[in-house]
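Everything below concerns the one structure shown next.
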Amino acid sequence: MANSFINASLPDTSDRMLFAVPKKGRLYDQCLGLLSSIGIEFNRKPRHDIALVTNMPIALVFLPAADIATYVAKGNIDIGITGLDIIRESQTENDVAELLRLGFGKCKLQVQAPLGHPVVSAEDLVGKRIVTSFINLTKQRFAELEGVDPEKIRTQVRFVSGSVEAACGLGLADGIVDLVESGDTMRAAGLHAIDTILDTESVLITNQHPRFPKLAETIKKRVEGILTARQYVLCQYNIDRKSLEMACRITPGRQAPTVTPLEQNGWVAVSVMVEKKLVGDKMDALSDIGATDILVLNIANARA
Ligand SMILES: Nc1ncnc2c1ncn2[C@@H]1O[C@H](COP(=O)(O)OP(=O)(O)OP(=O)(O)O)[C@@H](O)[C@H]1O
Ligand SMILES: O=P(O)(O)OC[C@H]1O[C@H](OP(=O)(O)OP(=O)(O)O)[C@H](O)[C@@H]1O
């Protein structure tokens with residue numbers, strides 16, 4: 001059960017859903033962008049980690065991404081955004097409900113070793129020294145490799161809180177486990193990836209028993225609408241009715257295309273949602289079967 005913040009210098013959050021957002025780091029900008037696109041308005045005073053939303057009964061709580069899953073799991077926070085890696089590392093997956101994958105903060109948790117060394121697979125690091133911020137996931141992976149329980153592994157797994165990639169160069173580790181997106185940080189440290197433990201991205205989570213289930217559902221639907229709008233475009237074109245069946249096979253839409261008769265005899269106008277990443281191919285194919293006036297429009301928001 002979430003507690004309100006009881007402190008005279010803090011705003012009264014007792015009647016508000018507490019929504020945790022990373023206070024800095026890789027997910028921060030994307031989260032603020034998402035909050036703005038779902039219509040959440042707030043004023044955050046400098047150095048304040050709680051901000052009252054002005055147009056919904058919500059209080060935003062800015063927390064380290066690494067702590068958000070734990071707060072949500074324990075019920076101190078009702079809903080939040082964090083990384084899948086953090087949920088798994090904090091072993092809270094059974095205590096939080098994953099509402100939506102958000103499509104940003106995508107990266108891999110990988111075992112890495114110095115280039116030019118004989119270590120070419122994670123098995124080669126069994127019994128050696130590993131440094132990481134992801135102690136639990138690392139121990140689980142080496143437990144699998146060693147065929148024992150995580151607390152019985154021979155591999156020495158040591159925690160550092162950041163700049164993990166420096167550990168091998170400084171002589172503290174034979175290998176590391178850390179997040180990799182572009183691979184630039186890894187390569188700059190003279191490392192290469194030898195195993196992937198997890199593919200991660202940011203997720204919207206709630207407590208299993210949220211205090212404000214209707215409001216949490218509203219947030220989920222709004223976010224879903226924005227994700228759909230980001231993923232799809234609206235494609236409009238004209239086509240001879242004789243080719244309509246073929247055109248509908250090319251652009252079946254999410255549900256079905258909208259078809260409107262044109263004044264021009266035997267022709268129809270089609271309006272249909274198309275996945276953004278496929279739109280070039282779809283336009284080529286439509287053009288090949290004689291479609292004309294093919295237009296592609298961005299979708300600002302959507303609701304199923
Ligand atoms: N390079 C990256 N690309 C994409 N997502 C990332 C990347 N690095 C981290 N993330 C995601 O963002 C989350 C927060 O990581 P980030 O490095 O921003 O932490 P932080 O809050 O700044 O803390 P720290 O001070 O420990 O770095 C990670 O758990 C992961 O889900
Ligand atoms: O593959 P890349 O695109 O180079 O990204 C990977 C880096 O990003 C993260 O750190 P971040 O830069 O967020 O800072 P941190 O080391 O302080 O956590 C992660 O810990 C890696 O170091």
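Every heavy atom of this structure was used, including side-chain atoms; hydrogens, water molecules and symmetry mates were not. Small disclaimer: the values here were computed from a predicted structure and weren't measured.
A heavy-atom distance below 4.5 Å is not found between the side chains of Asp284 and Ser287. At a threshold of 4.5 Å between non-hydrogen side-chain atoms, the residues Leu125 and Ile194 count as touching. Side-chain contact between Phe134 and Leu179 is present, with heavy atoms from C-beta onward closer than 4.5 Å. Ile299 places none of its side-chain heavy atoms less than 4.5 Å from the side chain of Thr228. Taking the side chain as every heavy atom from C-beta outward, Ile68 and Ile81 never approach each other to under 4.5 Å.
Counting only distance, with no hydrogens or angles, the side chain of Glu201 and the backbone of Gly103 share a donor-acceptor pair below 3.5 Å. Using a distance-only test at 3.5 Å, with no hydrogens or angles considered, no donor-acceptor pair links the side chain of Ser36 to the main chain of Leu32. Using a distance-only test at 3.5 Å, with no hydrogens or angles considered, no donor-acceptor pair links the side chain of Thr82 to the main chain of Ala69. Put simply, the side chain of Gln231 never gets that close to the backbone of Lys276: no donor and acceptor are under 3.5 Å apart. Formation of a donor-acceptor pair under 3.5 Å by the Thr251 side chain with backbone atoms of Cys248 is not found in this model. Looking at Gln112, its side chain never comes within 3.5 Å of a backbone N or O of Met186 through a donor-acceptor pair. At least one donor-acceptor pair closer than 3.5 Å links the side chain of Glu146 to the backbone N or O of Arg154. Judged by distance alone, with hydrogens and angles left aside, the side-chain atoms of Arg187 form a donor-acceptor pair with the main-chain N or O of Ser182 at under 3.5 Å. Checked by atom type and distance alone, the side chain of Thr132 never pairs as donor or acceptor with a backbone atom of Ile176 at under 3.5 Å.
Of the candidates Arg129, Lys128, His117, Asp174 forms a side chain to side chain donor-acceptor pair (under 3.5 Å) with just one, namely Arg129. Under the side-chain contact (heavy atoms from CB on, under 4.5 Å) rule, Tyr237 has a single partner from Val296, Leu286, Leu295, which is Leu286. Considering Ile79, Asp78, Val72, Val53 in turn, Ile79 is the only one that fulfils the side-chain contact (heavy atoms from CB on, under 4.5 Å) rule with Phe19. Checked against Pro257 for a side-chain contact (heavy atoms from CB on, under 4.5 Å), the options Leu244, Ile250, Val270 give a single hit: Val270.
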| request: Kindly indicate, with the supporting measurements, whether the criterion side-chain contact (heavy atoms from CB on, under 4.5 Å) is fulfilled by Val61 and Lys23. | output: CA-CA 8 Å; Val61 187; Lys23 67 185 288 182; over 6 Å; no

| side-chain contact (heavy atoms from CB on, under 4.5 Å) evaluation trace for Leu102 with Leu204 | CA-CA 7 Å; Leu102 300 173; Leu204 180 68; 4.2 Å; yes

| request: Apply side-chain contact (heavy atoms from CB on, under 4.5 Å) to the pair Val177 and Ile130, showing each step before the final yes or no. | output: CA-CA 7 Å; Val177 171; Ile130 311 289; 3.9 Å; yes

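Counting non-hydrogen atoms of neighbouring residues, nucleotides and ligands closer than 6.0 angstrom, the CD atom of Glu151 exceeds 12 such neighbours. Annotation: Tyr232, atom OH; neighbour count of heavy atoms from other residues, nucleotides and ligands within 6.0 Å is above 12. Within a 6.0 Å radius of CG in Asn265, no more than 12 heavy atoms belonging to other residues, nucleotides or ligands are found. In this structure, Arg44 places its CZ atom where more than 12 heavy-atom neighbours from other residues, nucleotides or ligands lie under 6.0 Å away. Asp149 CG: more than 12 foreign heavy atoms inside a 6.0 Å radius.
Taking each heavy atom of Leu137 and Arg88 in turn, the nearest pair found is CD2-CB, 3.8 Å. Contact detail for Ala59 and Leu52: the closest heavy-atom pair is CB-CD2, 4.0 Å. Taking both residues in full, the closest heavy atoms of Gly83 and Leu27 are given as N-CD1, 4.0 Å, listed atom of the first, atom of the second, then distance. For Ala66 against Ile86, the heavy-atom pair with the smallest separation is O-CG2, 3.5 Å. Closest heavy-atom contact between Ala51 and Phe62: CB-CE1, 4.1 Å. Shown here for Gln208 and Ala97, the closest heavy-atom pair between the two residues is OE1-CB, 3.9 Å.
A continuous path of ILVMFWY side-chain contacts below 4.5 Å connects Leu100 to Met17, so both sit in one hydrophobic cluster. In this structure, Leu172 is not a member of the same hydrophobic cluster as Phe142, with clusters built from ILVMFWY side-chain heavy atoms closer than 4.5 Å. Linking ILVMFWY side-chain heavy atoms closer than 4.5 Å, directly or via other members, places Ile77 and Phe42 in two distinct hydrophobic clusters. Following chains of ILVMFWY side-chain contacts shorter than 4.5 Å, one can reach Leu109 starting from Val157, so the two form part of one hydrophobic cluster. Linking Ile, Leu, Val, Met, Phe, Trp and Tyr whenever their side-chain heavy atoms come within less than 4.5 Å leaves Leu227 and Leu84 in two separate clusters.
Partners of Asn238 by side chain to side chain contact (heavy atoms under 4.5 Å, CB included), not counting sequence neighbours, listed by chain and number: Leu262, Trp267, Ala269, Thr292, Asp293.
Distance check, rounded to the nearest 0.5 Å: CD1 of Ile205 to CD of Glu98 gives 8.5 Å. The distance from the CZ atom of Arg249 to the OG atom of Ser243 is 10.5 Å, given to the nearest 0.5 Å. Taking CG of Asn301 as the start and CZ of Arg230 as the end, the distance is 10.5 Å to the nearest 0.5 Å. Here the CD-NZ distance, from Gln156 to Lys139, works out to 11.5 Å after rounding to the nearest 0.5 Å. Taken from CD1 in Ile197 to CG in Asp199, the straight-line distance is 11.5 Å, to the nearest 0.5 Å. For the atom pair NZ of Lys74 and CG of Asn207, the computed distance is 11.0 Å after rounding to the nearest 0.5 Å.
No hydrogens or angles considered: nothing links the side chains of Ser202 and Gln30 as a donor-acceptor pair under 3.5 Å.
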Side-chain donor-acceptor distances from residues 213-226 under 3.5 Å, at least two apart:
residue, atom, partner, partner atom, Å
Thr218, OG1, Lys214, O, 3.0
Arg222, NH1, Ile38, O, 2.8

